Number of protein chains: 2
Amino acid sequence: MKSNEVSNNREIPRRKTAEQRRQDILEAALKIFAEKGYNGSTTAEIARAAEVAEGTIFRHFSTKKELLIAVLEPKILEGLIKLDKEYSEDTPTEFFRRFLKNRMELIKDNEALIRLMFAEAQYHIEVRESLFKGILGQGISIIRPWFEKGVELGDFRALPFLPTMQSFMGMIMFYGLFGNVFLGLSPEKTIEEAADHMLDLFLHGLAR
Amino acid sequence: MKSNEVSNNREIPRRKTAEQRRQDILEAALKIFAEKGYNGSTTAEIARAAEVAEGTIFRHFSTKKELLIAVLEPKILEGLIKLDKEYSEDTPTEFFRRFLKNRMELIKDNEALIRLMFAEAQYHIEVRESLFKGILGQGISIIRPWFEKGVELGDFRALPFLPTMQSFMGMIMFYGLFGNVFLGLSPEKTIEEAADHMLDLFLHGLAR
DNA sequence: ATTATAAGTGAGTAATCACTCATAATATCA
DNA sequence: TGATATTATGAGTGATTACTCACTTATAAT
């Protein structure tokens, strides 16, 4: 019988599964890393936050850096897949609205993770590559056909694709990562509102 | 007579001025910090890069953190002032073009500094404040009257100021900090071209 | 029950780090 | 030319850190 199955009246400690421990450590590591940066965090502190002994970390991850990679690597793609069921009946404009909202929500939901990713991407090549493949690259390749469709239909102007996307991504990223911190925007604004404003600006511009 | 003044034929070491030494250290520190981050850099390494003894660093800066602050603090405002001579004859649109170009050049010229600043702003309040006051805040306050003038003249739509600026700043920052790295944009494109494209997009939008 | 395996622990370790300080080198002043 | 002040030096220091390992505890297999 599996020992974790049913409560019996013996008063004995029940151990979490190895997988659960791993998750505890990952969760704690994300928290600490996001707070203090990779080099500013200690394995002792992470262990404390995860409520495990320091040695336990190294049973699950052979080095601190491997822990960082594990924190960043897998989660990224989770939220991206949804969009891949192509709503092929959408107009390009409708697609952009959906995409924008999805990304803004994704960023808000994983703010610590993404912030950490951008910060550490500066110093670790692996992270940089992961960031490009995971967030920026995926976004670009999903958008591209819709962009081109929009141009064909005459809905969009035939602007150069990559520079245009760079600006678009910049708007989104900056909103999620720095917006509320630096510009003191009212946080009670919903993502919905913010997304609508950004889309309006992106599609129609500031000029009358 | 000042000892550093004229070359004489005695073969003796000439000491740099204290100020010059300070600059050497600051320059080296910027390089190393930008490369590896604050916590990833060691004072020994900075000393080596500056070609001074490690102790010398601490004669000029009492702590490593003070060195970081000194690296970031003063330079920021240098490039900003130019714009303050108000070209009051400009149209709002012309102002935005000038502003955009100025900021993009400023970012390109100080890429390491600004990249470092954004990275460390996550972890040090002083840096965060300095970033807001120095780059983002200044930009916002310079733009505002021109934005309002543009709305009054009927050149611009009456969009909410801060969210609009957030997107604008996002486009600029992302271009400077991540654009070439992540999106593989052709680096032979001049800033001029990039700025013109960004302004076009910002003013008129993607939609036809 | 007994044994075998997997998982957890935390004191210990070698390396590294920011910072100090006694000494030396250079510059300034009398 | 000395006397004094300023700046530079780098070996030394205590604190911190990532990682190890001998050992304990829990679970699975026989």
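It should be emphasised that the depicted structure is a prediction, and the values quoted were computed from it without experimental measurement. Reminder, nothing fancy here: chain letters follow the sequence lines and each chain counts from 1.
Atom NZ of B:K64 is separated from atom P of C:dT20 by 15 Å (rounded to the nearest Å). For the pair A:E45 CD and D:dA18 C1', the interatomic distance rounds to 14 Å; values are reported in whole Å. One interatomic measurement links the two molecules: CG of B:L68 to P of C:dC19, which rounds to 12 Å at whole-angstrom precision. A:N39 has its CG atom 10 Å from the P atom of C:dC17, to the nearest Å. Straight-line distance from the CD1 atom of B:I32 to the P atom of C:dA18: 12 Å, rounded to whole Å. Regarding A:E54, its CD atom lies at a distance of 20 Å from the P atom of D:dC23, rounded to whole Å. Computed from coordinates, the B:Y38 OH to C:dC17 P distance equals 13 Å when rounded to whole Å. In this entry the distance linking CD of A:E51 with P of C:dA7 reads 20 Å, nearest Å.
In this pair, A:F156 and A:F147 present their aromatic rings tilted. The plane angle is within the 30 to 60° band.
Within the 4.5 Å cutoff, side-chain heavy atoms of A:T164 are placed close to those of B:H197. Taking 4.5 Å as the limit, some side-chain heavy atom of B:M104 sits within range of a side-chain heavy atom of B:M198.
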Would you tabulate the pairs of protein nitrogen or oxygen atoms and nucleotide nitrogen or oxygen atoms of nucleotides 6-8 of chain D closer than 3.5 angstrom?
from, atom 1, to, atom 2, distance (Å)
D:dT7, O2, B:R15, NH1, 3.4
D:dA8, OP1, B:R21, NH1, 3.1
D:dA8, OP2, B:H60, NE2, 2.9
D:dA8, O4', B:R15, NH1, 3.2
D:dA8, N7, B:R59, NE, 3.0
D:dA8, N7, B:R59, NH2, 3.2
D:dA8, N6, B:R59, NH2, 3.2

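Heavy atoms only, all atoms of each residue included: A:F99 and A:G139 are closest at CZ-CA, 4.0 Å. In this structure, B:E126 and B:K65 approach most closely via the heavy-atom pair OE2-CE, 3.0 Å.
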Inset, instruction - Tell me, with the steps shown, if B:R22 and B:F61 meet side chain to side chain contact (heavy atoms under 4.5 Å, CB included). - result: CA-CA 9 Å; B:R22 205 185 128 93; B:F61 307 92; 3.4 Å; yes
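Cation-pi geometry between B:K64 and B:Y38 is met: the NZ or CZ atom falls under 6.0 Å from the ring centre, inside 45° of the normal.
Aromatic rings of A:F118 and B:F118 (six-membered ring for Trp) have centroids beyond the 6.0 Å cut-off, not under it.
A:L116 CG to A:I32 CD1: the interatomic distance, rounded to the nearest 0.5 Å, is 11.5 Å.
Between the two ends of the helix from C:dA1-D:dT30 to C:dA30-D:dT1, each summarised by a five-pair axis, the helix axis turns through 10° (rounded to 10 degrees).
Within the nucleic acid shown, A:T63 comes within 4.0 Å of sugar-phosphate atoms alone, with no base atom in reach, counting heavy atoms only.
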